[in-house]
2 protein chains.
Amino acid sequence: MNISTRGRYGLMAMTELAMRYGQGPVPLKTIAESQGLSDSYLEQLFAALRKASLVRSVRGAQGGYELGKPPEAISVGDVLRVLEGPLAPAECAIEGKDDFTHCGNPDRCMARSVWVRLRESIEKVVDSINLASLCEEARNQSGQGLMYYI
Amino acid sequence: MNISTRGRYGLMAMTELAMRYGQGPVPLKTIAESQGLSDSYLEQLFAALRKASLVRSVRGAQGGYELGKPPEAISVGDVLRVLEGPLAPAECAIEGKDDFTHCGNPDRCMARSVWVRLRESIEKVVDSINLASLCEEARNQSGQGLMYYI
DNA sequence: TGGATAGCCGAGCGGATTGCTCGGAATTGC
DNA sequence: GCAATTCCGAGCAATCCGCTCGGCTATCCA
């Protein structure tokens, strides 16, 4: 029951991009340093994000990545689904699939309704949070952090 | 973002035990055959379930396992936590842990609030479903299945 | 009393997944 | 043309998953 580093690092990087939205392309190296991640690993994740057009890339010197849409238009769910695949706790709960055979039970798996309810609840959360609101949270938190100066 | 076979098989087996609650101990072999699982694998899971006293064991011939409490008193969350560990999507969201260092960010991980909200929503679901209600669902479904007889 | 039926326990193991790294191309700004 | 970047594919060590196996112990029943 874990989100892998793909989803976690990817979301961190996307939030970073959201913080810098409208300031031109940001190179991966900058994101990686700022968040303490490996840039060669981030490369992989951004390949997927680009194919899903959640980010746009600018090649060459002074290039980098920027969000493909405004931060309000990108949800956490969008990012996680691209990087992690379907957000279902079990095969048989993936939306659109009516695959009962996976459960080992020839007729119906008694636990399936649990996985479906779990999936719905997970999707409700991640689809209701977008990058803009994450940014706002982050800015408020670092604002509180200012108390520790002086 | 997956529940492993430990959690899934374990929940299936526990639901089976709930269906037979009050009828004396059920051997693992019976559960395994009925659910189409491997009994030597189930053994491992039941070792953990027993230590958590979610099941009680009776050794020797005519022995087996039975629920440690009535089905209404055992939630899906109880079973999953024993078999899968903490139901958090990330280390930094485990209840009681205030471990920000895992996120790679020296100060605060911007994504943490997402993982915490996810965890809360997951726990709300699994803690609100108990084995008794799962049994009832199953009985209703197999009731509909009776249409296929004759 | 002895055999059959169970749980109990620990070790092991092949395959898949994770979390990277590396090298080298292609593209572009200066 | 050179430096900065994205792009792409391969590879790889470590870990985890999903089991299996062998042998022990406890208990019932004939």
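Atom set for the values below is all heavy atoms of this structure, side chains included, hydrogens, waters and symmetry mates excluded. Here is the naming used below: chain letters follow the sequence lines, and residue numbers restart at 1 for every chain.
At a threshold of 4.0 angstrom between heavy atoms, the contacts of A/Tyr65 are confined to the sugar-phosphate backbone, with no base atom among them. Looking at heavy-atom distances under 4.0 Å, B/Thr5 makes contact with sugar-phosphate atoms alone, never a base.
Residues A/Pro25 and A/Glu66 approach most closely at N-OE1, 3.9 Å, considering heavy atoms. Of all the heavy atoms in A/Val26 and A/Arg20, the pair that sits closest is CG2-CD, 3.8 Å. Considering all non-hydrogen atoms of both residues, A/Ala73 and A/Lys69 come closest at CB-CB, 4.0 Å. Here the shortest heavy-atom pairing between B/Ser75 and B/Asp127 reads OG-OD1, 3.9 Å.
The side chain to side chain contact (heavy atoms under 4.5 Å, CB included) with B/Leu67 is formed by just one residue from the set B/Leu54, B/Leu131, B/Leu49; it is B/Leu131.
To the nearest angstrom, P of C/dT17 lies 16 Å from CG of A/Asn2. Atom-to-atom, CG of A/Leu45 to P of C/dT21 comes out at 12 Å; the value is rounded to the nearest Å. Atom pair B/Asp39:CG and C/dT5:P shows a separation of 14 Å (rounding to whole Å applied). Nucleotide C/dA16 holds its C1' atom 14 Å from the CD atom of A/Glu91, rounded to whole Å. Between the P atom of C/dC13 and the OH atom of B/Tyr41 lies a distance of 18 Å, rounded to the nearest Å. In this structure, A/Leu42 places its CG atom 10 Å from P of C/dT21, rounding to the nearest Å.
Taking the nucleotide of DNA chain D with the nearest heavy atom to each of A/Pro27 and B/Ser40, the more 5' of the two is matched to A/Pro27. Of the residues near DNA chain C, B/Gly64 and A/Ser4, the one whose nearest nucleotide (by heavy atom distance) lies more toward the 5' end is B/Gly64.
Applying the 4.0 Å criterion to OP1 and OP2 of C/dT21, one finds that A/Ser38 has a side-chain N or O inside that range.
Chain B approaches DNA chain D over the interval D/dG18 to D/dC29, counting the first and last nucleotide 5' to 3' with an atom under 4.0 Å from its heavy atoms.
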Quiz item: What string of B, S and - do you get for nucleotides 24-30 of chain C 5' to 3' if you count protein non-hydrogen atoms under 4.0 Å?
Solution: --BBBSS
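Donor-acceptor pairing under 3.5 Å is lacking for the side chains of B/Ser38 and B/Tyr9.
The main-chain N or O of B/Gly7 is found under 3.5 Å from a side-chain atom of B/Glu84 such that the two form a donor-acceptor pair. A donor-acceptor contact shorter than 3.5 Å is absent between the side chain of B/Arg50 and the backbone of B/Arg56. Side-chain N or O atoms of A/Glu123 include none that pairs as donor or acceptor with a backbone N or O of A/Gly77 at under 3.5 Å.
When distances are taken from the side chain of B/Gln44 to each of C/dC20, C/dG7, C/dA11, the shortest belongs to C/dA11.
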